[in-house]
2 protein chains.
Amino acid sequence: MDIKVAIFEDGKLIRDALQTILNGTPGYACTGAFSNGGNWEADIRRSQPHVVLMDIEMPGLDGIELTRLITQKFDTIKVLIQTVFDESDKIFRALCAGASGYILKNDPPNKYLEAITEVHNGGSFMNASVAKKTLSFFTHKNIILVSPEGTDFHLSEREKEILKELTEGQPLKSIAAKLFISLETVRTHVKHIYSKLHVANRTEAVMKATQQGLNK
Amino acid sequence: MDIKVAIFEDGKLIRDALQTILNGTPGYACTGAFSNGGNWEADIRRSQPHVVLMDIEMPGLDGIELTRLITQKFDTIKVLIQTVFDESDKIFRALCAGASGYILKNDPPNKYLEAITEVHNGGSFMNASVAKKTLSFFTHKNIILVSPEGTDFHLSEREKEILKELTEGQPLKSIAAKLFISLETVRTHVKHIYSKLHVANRTEAVMKATQQGLNK
DNA sequence: CCCAAAAATACCCCAACGGGTGATTGTTTT
DNA sequence: AAAACAATCACCCGTTGGGGTATTTTTGGG
């Protein structure tokens, strides 16, 4: 079965060229080519693509947002982002939007096909210079990883509230005053928090909280 | 001119195999092969490599730290990290250490040569499945980037050592035991840390430490 | 070489914290 | 209706941690 590809690209020249290449190559089929994301949901439903080729720069709804929307709504569809690539901060946002690959607009057609096949097979594709930019982004930075909804610790609202205060370094006494409850009550909540987070002291709780994104 | 490669790899079999391949291929030369990073600086100076092939898992000084040291000290040397790849958390830390490429240990020799050439030419190389893992980091985690050299708090070595333990949630008593000094001494160091970081308690110190990347 | 500053070491006091146990009241789930 | 959970408060007790003070060792500049 052909790999069905949908194109989002505002430049008519490139769009048509890509469409021609895809339809002229055995194993690939372009089932849709669109100049903007204004009607993306209907467009996707009609063209039923396996892979979306996405221009990062588009008028109106931009490619990054569109990527996010598509990957959220249709989780089997892979998005391959193409870019001309000067601004490197966009890469970072694009990476987070859930794309499966990054390719440059001046890559040769065979790279395009290779990349499409790779992401369709569940892999990833990164142009070497995209990889370079990505790596340089990380180089010599400190990174804190936060699991978004990795595990749910079933903290109650009150407990979350108190955990937040704990991460601020507030002593229990102050927390009690701020929340208009007894110190003993705070202590009880804190004990419950520790047991739910499987930690033994405040520091471990605070660390776990920030790493799991609970401190908000 | 041949591309000069140094190898850090604790497994003798793989190390010898790589060395043989490199020396047996025109255009490449292995100028050093080491089983650990114990003597890395002298090793690097003697072998004068263009590219370092680094095992991520090594006894003693681990590949990630070694990568950081090498890329900081010798900024023209490119590091290509090889991994067997089960633990995906390490990838992320490795990304931050300044490597130029990532390759899998079961990649075929020609991939190794390709990767070495690519990074030597100033590019980057990422095995497709490494790229996939990297991308999935972005899509499934929240990421906090921290500038490495924000402010220097002039912590002494001992103080940094203790701060690291503090962030682990170790009680002062355990820290004392681990460092073979008195509990009272640990206390004093901790107080100095607090005053240098302008914080009043352990929690604030731990927060500041992680946000500033001091916890390593 | 000497002295001052920084670092590392150490001790005491008391407030803060963590563990255990238990109790009351209201809500939610079964 | 019973059981589970949430939020509140209380007491005991031993441990940990923060503030003040002080001595020795190391280090760097004059």
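What you see below is based on every heavy atom in this structure, not just the backbone, and it leaves out hydrogens, waters and symmetry mates. By convention in this document, chain letters (A, B, ...) are assigned in the order of the sequence lines, proteins followed by strands, and residues within each chain are numbered from 1.
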Inset, instruction - Give a yes or no answer on whether the side chain of B:Asn121 reaches the backbone of B:Gly123 with a donor-acceptor pair at less than 3.5 Å. - result: no
Inset, instruction - Assign the ring pair A:Trp40 / A:Phe74 to parallel, tilted or perpendicular, where the plane angle (0 to 90°) is split at 30° and 60°. - result: perpendicular
Legend entry - Main-chain N/O of A:Ser47 paired with A:Thr31 side-chain donor or acceptor, under 3.5 Å: yes
Inset, instruction - Just compare C:dT9, D:dA7, C:dG20 and give me whichever is closest to any side-chain atom of A:Lys191. - result: C:dG20
Legend entry - Test: B:Arg15 and B:Asp55 ion pair at under 4.0 Å: no
Inset, instruction - Mind calculating the distance between CD (B:Glu159) and C1' (C:dA8) to the nearest angstrom? - result: 9 Å
Inset, instruction - Check the distance between C:dA8's P and B:Leu163's CG and give it to me in whole angstrom. - result: 14 Å
Inset, instruction - Provide, to the nearest angstrom, the distance between the CZ atom belonging to A:Phe153 and the P atom belonging to D:dC5. - result: 18 Å
Inset, instruction - Considering just the side-chain nitrogens and oxygens of A:Thr185, establish if one lies under 4.0 Å of OP1 or OP2 belonging to D:dC9. - result: yes
Legend entry - Side chain of B:His192 (C-beta onward), nearest among D:dT8, C:dT9, D:dG18: C:dT9
Inset, instruction - Would you indicate which nucleotide in C:dA8, C:dA10, D:dT8 comes nearest to any side-chain atom of A:Arg158? - result: D:dT8
Inset, instruction - Output yes when a side-chain donor or acceptor of A:Gln48 lies under 3.5 Å from a complementary backbone atom of A:Arg45, and no otherwise. - result: yes
Legend entry - Any donor-acceptor N/O pair under 3.5 Å between C:dA10 base and B:Thr188 side chain: yes
Legend entry - Residue mapping more 5' on DNA chain D - nearest nucleotide basis, B:Gly169 or A:Lys196: A:Lys196
Inset, instruction - Hey, which sits more toward the 5' end of DNA chain C by its nearest nucleotide, B:Ile181 or B:Glu184? - result: B:Ile181
Legend entry - Proximity to the side chain of B:Leu172 - top-ranked nucleotide from C:dA7, D:dG19, D:dG17: D:dG17
Legend entry - Distance-only donor-acceptor test (3.5 Å): side chain A:Arg202, base C:dG18: no
Legend entry - Whole-Å distance separating the CD1 atom of A:Ile175 from the P atom of D:dA7: 15 Å
Legend entry - Interatomic distance where CG belongs to A:Leu183 and P belongs to D:dA10 [whole Å]: 10 Å
Legend entry - B:Glu9 side chain near B:Leu53 side chain, heavy-atom distance below 4.5 Å: no
Legend entry - Nucleotide nearest A:Ser182 (side chain, heavy atoms from C-beta), chosen from C:dT21, D:dC9, C:dA16: D:dC9
Inset, instruction - Test for a donor-acceptor pair under 3.5 Å between the base of D:dG20 and the side chain of B:Arg187, counting only N and O atoms. - result: no
Inset, instruction - Check the distance between C:dG19's P and A:Ile193's CD1 and give it to me in whole angstrom. - result: 12 Å
Legend entry - Nucleotide nearest B:Lys173 (side chain, heavy atoms from C-beta), chosen from D:dA7, D:dT16, D:dC12: D:dT16
Inset, instruction - To the nearest Å, give me how far apart CD1 (A:Ile162) and C1' (D:dA7) are. - result: 9 Å
Inset, instruction - Figure out the CD/P separation between B:Gln170 and C:dC17, and round it to whole Å. - result: 20 Å
Inset, instruction - Between C:dA10, D:dG20, D:dA7, spot the one nearest the side chain of A:Ser156, thanks. - result: D:dA7
